[in-house]
Every structure is written in C-alpha cells, then in structure tokens.
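Counting begins at 1 with the first residue of the sequence.
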Amino acid sequence: MLRWLLPAVLAVAYGDWKCTFQEQNRCIINVSAQVSGPLVFDGNVLVTHQAAVRSETSFSIQATGNVTVEQGSSLHAKGDLLINASTIHLVGSSTSATGSLTIVSRAVYKGGAVDSRGASEQALVEAARFRDAEADPGILVIDSALQGGNVQLNCNQSKICLQGANNVTVTDPSQSMQLNGKFISADCSNSTLASARIIIVAQADVLLDAAIPGYKTSDGKGGEKPSQLDVTTQGRMLIGSQSFTWKLKRLHASADTLVVASSSRIQTVGYSTCKHTSDSAGPRDRCFPAWSTWPGSWPESVDDPYVTFDLVLLGRSSLNLSSHAMISAASSLLCVADGGLHLADHNVLDASGRGCGAGTGRAPGNTVQSSPGGPYLAGGGTHLGEGGYGGSFDTHTVEPNPSTIQQPAYDRYNRLFLPTEGASGGAAGQLGPDTWNTADIAQAASSSGGGLIWLSASSTSGIVTFGSWVALKAEGLPGGATKHVSGGGAGGQILIFATKITTDEEAPLLSVAGGTGACSATENVLSGGGGGGFVGLNWTATSPFPSHGELVVDVSGGVMGNDGSGQNCSWVVPNARGLIETFGRAGQAMPLQGCSAGYSGLFCDPCPAGYWSQGGLGICQACRNKPPNGNYTKAAWPSADCPYSCGVGVPNQKSNPGCLDPMAYALSFFGGPKGVLAIVLAVITSAAVLLWRRRKSGGGLSRPLLTFDGVAGSSSYSLRGQSRVDSGSRQSGSFSNCWASWFWRYCSRRSGSDGPDGQRVVQSPSEFQMAQEQLPFHTYRVYFQGENAGDSVWFLKPQVPAAVEDIVIKDKWEQLARMVNAAASISKLQRRAEGVLRYIYPPAAPLFTRFCRCKRARALLQIVREFSEAERFWIPIRQAGGELHVRFGCNQKATLAYLDFFDFSRSPMDFAPVNLRKEAWVIPVHGQGSFEEPYEVDMSDPVLQRLEHTVHGPTAILSVLSTFNRIARRVFKDELHSSDHDDPLQQLHEKVEQCASQCGLGGFVQVLAIWQMDRCRGNDASGRVEAASVARSTDPQDNSFMDLVIEPQEVSRERLPSHSPRRRELRLCLVFTEFSILASASSSESFGSFSTSSKVLTTPITPQALNEILRSSAVVVGEDSANPVLPDSGCGLGLKRPLLRLGYSSSDQTAARTLVSLICFLAFDLLAFCLICGILFKTSMVAGMVWVFLPPLAQPLALVVGILFLLMEEPELGRLFAGLEVLGMWNAAVSLVVLIWLLFLDSLVFDILAMGIVSFVKGTLFAAAAAHVSQLEADRDLSSMDTPQNEFVERLFSMRDEEDPRPTSADEVGTSAAAMSFNFNTLDELSATRASDSHPASTQSIRSLHSPRSFSKPQVQMPSPF
C-alpha cells in the first residue's frame, strides 16, 4: 500500500498550481513552494518576500493582469518556464530554467508620439526616456538575473526595458537569446547579455548598451567564446557600450537609422576573409540588400561565396558613428541605402592584421634557408604590392633573396574582380641553423595581412562624411623577431562606394600599408616588409567627379622594423644598395569603375599638365612629345600627344612644333640656308635688272619691262566737218583711259617719252583733250568750278564769259549751263558708296570715284558736242560756214573741266606767239590735293604748247611747269586753308620763284590760290586769290605778288535757295603774265569798268579782267562766318601724312637708291606675308582667313600691284600699291586682335612683334613707293624738255638750303586777318615804278620787286626759243 501512497502524494504535489492567497484580485505568493503545472489566474500575480518557486519540471505563470517578481524572489524550473501576462516586472529577482525561458507580454504601448526625426545618439536616448515617463514597459527587468537554455523576451506591442545590473544568460551554446518588442532598451545599464547568439528584433527603436562577454562551452572548460549579435529594427538603433568592449564573433545590425554610441568599442574576432580562395567577381556593391519593411523582417544576407563579413552595419536612411567610436573587424561593411554615412571625430575602423596569418594566404612570404646550415630568410607577404625580399647582411652589404616572396595572382587591379580576399601574411622564418620545424609555424600575432573595410553610400543622395582624425586601417602587421624572424604582412583593402565624400579640417587616413620587416643582429638576417594593399573608390557620378574631399591614402609597402629588443633595424643593417629590395612595394589606390580619358587616381583627378591617361584604370603617364624648350599647357589630356606651347617670344606651337626661335623658324620655313640664298639671289637679280634698265635709259624715265600698249589709234572729233571719225579707242601710253580686261583702265595717259635722239615724242591725246592739229584755231578756254567730287561738283556759271559773249547767245548759254550742271550732279547713292568705300576699302575709293568722274565727263562731252553742232547756239553773224565750235574737255582724271572754243575761220598761217604783256594765262591745277589725286598741271595739254611760244622760249616755260608740278604734288588740300602746314607751300613758292628767276621769267610767273564760290551762292566764278608763299617778309621793300592773299567779294548775289549751303573752295593756279602790266591796269582802269561776266576764269584772260578779280575779292575780307571754307573731304590722310613726309624727303635721293630700297622692302613684305600666312593658317583657320581676306585681299593685291609697279613704273600703280600697303597695316592689326580674341596668348609677344615689324615694313614701303612715284612723275615731266634744261632743273632742286636761307619763325608770324588781305600798296608801287622807268636811280626795278630773294648760284644760260 505504501508503494501506491508515494505516487499519490507526488501526483497531488505536482498537479495544477493553485493560488492559495488572493487579495483584491491579486494572487500573492510570498512563501517558497514546490510547484508543477501552470498557474492560471484572472488578475495580477505578485511573487515577493524572497519566495522561491521551484519546479522539478516545467511550469508557467499566466495571468490576465500583471506579473511581478520582486524582493529577492526566484522562479526556477528544471524544465521550461513561461511567464505570460499583460505586463511583467522582474525587479531584484532571479528567473531561471534548465530548458527555455520565455517571457511574453501582451501590453500595448499607450504613450504619446515620439519625434523620430533625430538621428543622433542624444536624440535616441531622450526618446527612450520620454517613452519610459509616458507609460510602463511591457517587460521591465531591473537588477535581475534571467537564465535558461534559451531565453526569449517577447513584447510586440510595447517596450522591453533592461535597467540596472541585469544578467541575461543562455546556458546552451546551441541556443540563442531573442528579444522581440516594439521598443527595446538596455541603455545606461550594467546589464550583461551572455549567449552564443543574441537576436534582437524591434519594430521601432533599439537602445543596446550592455556587456556582451560571450559564452562558455557546455562542458564549462576554457574561456568565454565570442557571441554573435544580430539586431534589426524598422526604426532607429543605438548600439555600443561606453563601459564595455564588445568582442563578438559576428555583428549584424540593421535599422532605418543606425547610430554607434560614442566611445564604444566593437571588435570581432577571427579571420573571415582568409578562408576564401577567390575574389569577388566585378566591382558590385553589396549595399543595399533587399529588405522588407514589415515588422520583424530581416535584410537579405550580404555574404556570398566570394566574401563574408563579420561586421555589418546597415542603415536604410543614415548610419552614424559617434565620436571616438572604434570598430575592429576582419571584414566590415558599413552601408546606407539612401542617405549619408557619417563618421564623427576620432572614429577608427581597423582591420589591421585581420587578413591571413603568417605563412598563409594567396601569396605569403616564403621561408628559405640562405645556405646549407645557414639561417632562414623570411619574405614579406604580397597583395597588390609585392612583398620585400628576405636577406642577410654584414657590416657593409645586404644580400636580398628573391625566392623569399611569391608573385601575386594578379599584378594590378582590373575590373573583372574586387580584391576582397584577406591579404597574405609574411613568412614565418626560424632563427638558427638546422632547427627549423614545420610544426613551429603557427598563425602568430605578428606578420598577418590586413583585412577588408567596405563603406557604401552610393545612392543619388549618398554621401560619406569624415570628421577630423578619422582613420580607416587595413594594414599588415610587422614581422617579429622573438622566436622566429618573420616577414611583414601585406596591406589589406579599403573599398568605398559613394557619390560624394566630404571631410573636415583634418583629412581622414586610409591606410593599407604593408607591415614592416624585422631583423636579428645575432644571425645577421633581415626579413622583408609586406606589400601595399588596395584602396578603391566606386562612384555613382560620372567621371570626372564633381566634388570630393581630401583623403590621406597610404598604400606603401613595409620598410625596416625592429629587432627583438625593440631597437630599430637602421642601427643594425647597413644602408647598402640591396637594402631597398627588402622593402615592400607600394599597393594601388584607384577608382573601381575606371576614369575618363585624361583622368586618373583614386578620385579620377585630372592628370596634371605634362601627363596623360587613356582612362579606365590606367595611371597618369608622362608626356614625351614636347621639344626641350616647350612647356606643357593642358591638364587632363587623353593621349600621349600632349599639347604644349613654345613661349611668348616664338611662333605658336601649331605652326612651330619644334619651338624654334623666330630666326630658325623663318630659316626652316623658306627651305633652310639654300632656300634663303636662292631668295637673296632672286632679289639681287631683280634689283640688278631694274637698275640696268634705268642706267640704259640714261637715268631718266625708263622704258617699262611690261606694257599694255595697244594699236595706236585716234578718236578725234572733226570740228570743221561736224563728223566723228572713230578708228578705235585712244590709248594712253601704258594703260588705256577706260576700264579694261582684268584690271582697270586709267583715265590718264603718259605725257611723253624720249625718242631715239632724245627728241620729245608727243603721244596720242586722251578722249577729253583736243587734237594737237586743232591748236592754231583755239581761241579761249572757259573753266568750270569744282573738282567733280561729292562735295565739289562741276559747275558752269550761267553768266556768259566776257571772252565769248560776242559769239554765243546768252539764252542758249544759260540752257547749256543748266544741262551741263544737271549732268554733272552726283547722286546721293554714289556719294554714299564713295563714303563707304573710303572707310572699308580706301584704295578702291579713288578708282571708283575716277570711274564715275570719267563717266560724267563722257556725258558732258556728248552734251556740249550737241550744242556745238546746233546753229542756234552761236550769234548768227558769226555762225556762217560753221567756223565756231566749242568742245568739252578735262584732264585725264576728270577733276578739272573746261570748254575750248575754236574759230576755224582763222588761217593757220596767222598763228602768233603768246604775248604775256597783253594777256594773262591762268593754268589751274587738276587733282584733289590728296596722295591719290595730287595737284599738278597736265604738261601734255596742247594749250600749254601754245604757251611755249613766247619770247621766253618753251624750255623756260616747261622748266617752270616741271618745277611747279614736283612741289605741287606734295601739297595737301587742307594746307591751302590753314597756315599750320606751311612747309610745302613755302617750298612751292621758293622753287617756282627760283626757277622763274633763273629761266628769265622773273616777274612773269605767280602761284595763286583762287577762291571759287558755290554754284548757288552768287555770280562770281572766281574770288579770293592767295599767294602760295606762306612766309611773309617783314621788309616793306620785299613785297611781291607771292604775298597776295585776298578774300572773295560777292558783287551781285542772286537770291539763294534756302536748302543750299554757302561754301567756298580754293583752286591752285599757275599764272603767266607780266605783273607790272597788271599793276598798271590796276591804276589806270576804273574799279567798276568791268561787267560781272568778266570775272569768269578763262585762259587767256586780259590783265584788266584778272585785276578786277583781285580787286573785287578784297572787299569781303573777314566774312568767314558767311562764307565757310569747303572742308577737306578727299584727302583722308591720317597715318599717310607722316609717311608721305618721309617718302617725299627721301625722293631727293638718287633714283637707284630709292628703287633698291623699294625692291628690298617689297621682297621682305612678300616673305613676311608668306611666313605669317603659314603661321596663322596652321594656328587658326579663322586667323588665317582674316589675314588674307579682312580687309578683302589687301595684302595679296598689294604684292601683285607692287610687282607690276616695279616692272611697269606706272605712277598710278605706285599710288594704288601704296594705298594697299597702308590698308595692309590695318590688316595686321585686325589679325592680332583676332588672335587675342581666340585666346592664342602663348605666343602673344611674338605675334605683337611680328605684326609690328610687318606694319613698319608696310609703312616704309608706302614711303618708298611715294618717293619712287614722285621720281617717276618728275622724270616724266623732265622728259618734255631737252637734256641741258633737264639737268638744270635737277641742279635747281639739289641746291643747299644754306645758300637759300628760309625766313625765321619770327618772319612767319602774322595774324589771320593780315594773311587774308590784299596788298594794294604793292600794286600802287608797281604802277609808280612802271611810270618812272626813266629814273632807275630813285626807284626799284620791276624785276627786283617781283624777286624777293636773290640766289648766289650762277645763272644758267638758256637756249634761244627760236
């Protein structure tokens, strides 16, 4: 019966557990009890007063209310223990189970909302405290111990809170500790979590600040093993302990916002990267793995067969390491999906020595015995950089052994794989001979290779931020010299995937340096240093990268370390030649995806100037294509052909790849010494041929090498038969007088050339001149006003001139004047076209205006011809038989127009010489007072041939005309209006007066400037007459008609149109008459005895008419405001004036010297044009086109025209050539501006000097061309005279100035009013002198009055004109 009693008692004792004491719906257990089965109570359960509740089996406490275990009470089950209640508080108690310990809370968090925006450590702590104050946790453990085979704390809708000194232990190494809750907090506590694996899952926040010491094996032997910690939450997480160092086997933590606590220490153990035998395939980022957002979900594993991470920190939004936090792992991955990865100040991520151990890895160092019986040598580990050689040394040498290292499986990184395998360790050598044993080789603390650090923030908003003094280290450990002299371990790898990197003031350190070697002074052995590792950056942004921070990257190999006593090996090992072979080679730092061409390095930085890169993973390589004196100019160059410049003083590199100096470049451009010699010989030959031609012609007007002479013909109008005989266009010497073929046709002709015997040969007249055979019938010439230009059109006065008023009908004359004036008008379009050409292409403006002038002249020629043929034009009494005729004429350039009257009723036998005592011959100059249209007298005019038939002879007349032309061509139009530019006028006065005196024409020649009124302003055709002499003598006895300066007088003004401006213009004239007769006429004739018609400028003109012009002009002195001077519109001098002065001054030199200078400078200009053309076209097509075509073809045309000018010696070609050369100076300036605008500044100094030299040469060419033109025109004038008189004029111009001193500046001083007055006292004195010829002792002679200066040169005996 007793045997049945014991089971019955046991059944009662171990049956369902019943609450024995209840109070206010609360079950109170305050005594120890042996229980079995569950305790189910509808209410609260309180275990207190050190009650010990034990069970030999499993039991549970299940309550609808709260369960509280306090005051030293304990719950212990030899089976499983389950506590299930609304809230569970374990305070100062002990809860343990041999099996599973499960605590489940059904509490629901009812606190207020918590700000979840903060991502800092402080924000998380404050949020946890706020929740504690708002509501009680579902599971609260305070100063309690929890122990079980496995431990589970579940509070899915509320908080699990561990406060105080708690101890949660899992005794079964195969089981785990799991904490599941909405909020989990173990902050600011001394709690200890001991388990082989700890799993924490939360829906919101996790604060884990607890000791994790590891676990013990089931047999209890040995020390604690590191735990594996897995923590995840969809909210925020704060992990790490400021009080304890976590030594973990593995750590995987994932959260939306993950923060590692400040000053925390997290360390994993083991060598996880060394177990793989291959590297990761391709530069694939491990972050971010797939991760669902439902509570309790885990991200997928980041491990694969190629790489295993023993520390993984994943943040969906951000990952922050607080200041002074330190993480050490063999392979760590810190990853952010869409946000920033922030490493605060003094953070350390360390994987040094966490790769492969000594003697292990893919390419560890080798242990080699140096010689039989000798010591063992240890090489360094090899990774991306080779390890150093182990070797031996003595007091003077180091002998490295190449067999102590292994070649790496990969030489350098390529994009086919990532070097994620642990770096190899150094060789584990043995000290001393014959004692080496493979069993002694073990994985030692020294000589290990570096591990792996992987940072990732590669989203579009991803950024990796480094604070100050941040260090990422994956270095190899140094070799040891205690028992074994081992080599240094190789450096590991650091990989960063990011879009942007920012750093603080102190740049972070990324070090994968190899470990140092070791040495032994006793055995004289030296181990090699480890090779450098790998630092790779992968960027989501395109290369080159927009921005990055500054990083200090160390991929160096290991050098010498210490011996066993801690002394540096440099004190033991000599610094011999083989020492550097024991150092590890540098590793590699570069981007993972490769760089664009021209970029290289870790951040794909641009290669500096002088280096290039083909992109990808290549490094910057040195350029080697520049010459020795070149300078590389551009960075980030993608090929070996790097751009360079040659300096500012030489041509641009594009045209001068050898960076030659200017002289050497020019020499090579023209074919070297042989080419330059050929050019010099060609120039010398050309000069010799031209000089020979000039010498053969006697030094005068040479016959051109090329001519365009056509078949001689005539186009004369038969005045007597009223019929036109046209046998071809008249030719004008070298060029025809109209536009022809590819060039232009001149409106000019050569006046003559030397015949076979030196006789004058008169060529065919132009279409605008009368025939020479008509000269005996010529009676009068009536001159037009104006110059046939835009501001001074031709104008025929409607008043009938006195010379022809008895032969023409007044009404018909007025009709002719209206028609002629209408045809001579210039349209606004033509004026604008001339103005545009004058500004954009000045050399073409004179050609265009000359063409238009000739066109208007032909129209006038036709109009006058028709009137001449009409019988109604002439007074009937003189028209019988058609003896009277009028013909329009003008000079070859159509600037001076006139009407020639003929009386064919005369007999040629009645032709009589000109009597200058009875009539005055006024010869107006033609031209416009510019370089292109100079003032001159047409010596080919047949009317001048009649003037030659005077008592003075043709030679004297032609000498004066030639002298006048030579000086008048140098007078500018504005110099007629102003006394500022007085030198040419002074010279004109002196030379004409000097020539006239020595030719016997003293007192018979005067140079006058005659005022002409605007066509709408009055009836006067002539007004003011101004002496050409600018220097006024202060001696009252030294007066002559050279000093006459007279203002215009308006005798009878018509009513003027309101729209017409009132202007005046000057015409320079050469007047032949006996001026004493003019003085007599001034005293004997009444002032008003002449009609207004007598004041029309005609040739010949009576002295009385000329005198009336002088007197009537003197009445309106000072009316400048009412009679404005016609402005100078045609000169356009500017830069030309000083160059012309230079050219005219050099024209007094010998013709040969001028010709040689012109040839040499033209050759230099041609060479310079070709040289600069080649330079510019090679430098820039735009600059080359500007050089040639802006202004259009200025320089090529200048060269072509210049060569033609030298060959043909046509003055008009010379003037065009000079104008093109001046235009070429602007061409050089525009080209220089274009080069500067195109930023070709590397050769700026050379460009400025080259363009300056070109401009100087062109200016000199202009002056030389002007001098040669002056000489050619002077030769042409002199060719009209006999040889003795020709030489006389030349000697006249060669007289020295000291023999003919000019007045001082004081003599030239005079007011404007005095210069504008007519000296009537002179006329009176001349009249008195002529009346008192019988008293020579008391009065001056007429010749002395007209010759203010006497010359010491002997008089030249002139030949008789008859």
Report, as yes or no, whether the 6.0 Å neighbourhood of atom [atom1] on [X] holds more than 12 heavy atoms from other residues, nucleotides or ligands.
X: Glu506; atom1: CD; value: yes
X: Phe393; atom1: CZ; value: yes
X: Gln267; atom1: CD; value: yes

Electrostatic pair Lys249:Asp310 at N-O distance under 4.0 angstrom: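 A salt bridge is absent here (no side-chain N lies under 4.0 Å from a carboxylate O).
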
Just by modelled atom types, is the [Y] backbone N or O under 3.5 Å from a matching donor or acceptor in the [X] side chain?
X: Ser263; Y: Ala325; result: no
X: Asn366; Y: Val368; result: no
X: Ser486; Y: Gly480; result: yes
X: Ser176; Y: Arg197; result: no
X: Asn320; Y: Val259; result: no
X: Ser527; Y: Gly379; result: no
X: Tyr215; Y: Glu224; result: no
X: Ser447; Y: Gly487; result: yes
X: Gln493; Y: Glu421; result: yes
X: Glu386; Y: Gly531; result: no

Of [options], which meets side-chain contact (heavy atoms from CB on, under 4.5 Å) against [X]?
X: Ile212; options: Thr245, Leu251, Ile198, Thr192; answer: Ile198
X: Leu579; options: Val559, Val573, Thr397; answer: Val573
X: Leu193; options: Asn167, Thr169, Val168; answer: Val168
X: Leu551; options: Ile494, Leu510, Leu472; answer: Leu510
X: Leu384; options: Gln588, Met590, Arg585; answer: Gln588

- prompt: Looking just at side-chain N and O atoms, do Gln621 and Ser613 make a donor-acceptor pair shorter than 3.5 Å?
  reply: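 Side chains of Gln621 and Ser613: no pair found under 3.5 Å.
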
Distance-minimising heavy-atom pair for [X] and [Y]:
X: Ala490; Y: Gly381; result: CB-O, 3.5 Å
X: Leu477; Y: Gly353; result: CG-CA, 3.4 Å
X: Thr367; Y: Ala427; result: OG1-CB, 3.5 Å
X: Cys604; Y: Pro591; result: SG-CG, 3.5 Å
X: Ala351; Y: Ala330; result: CB-O, 4.1 Å
X: Ser241; Y: Ala210; result: CB-O, 4.0 Å

message: Can you classify the ring geometry of Phe309 versus Trp454 as parallel (below 30°), tilted (30 to 60°) or perpendicular (above 60°)?
response: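 Ring orientation of Phe309 relative to Trp454: perpendicular.
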
Going from [atom1] on [X] to [atom2] on [Y], what distance comes out if it is rounded to the nearest 0.5 angstrom?
X: Gln228; Y: His252; atom1: CD; atom2: NE2; result: 7.0 Å
X: Leu208; Y: Ser264; atom1: CG; atom2: OG; result: 11.0 Å
X: Ile580; Y: Met560; atom1: CD1; atom2: CE; result: 11.0 Å
X: Asp554; Y: Leu509; atom1: CG; atom2: CG; result: 6.5 Å

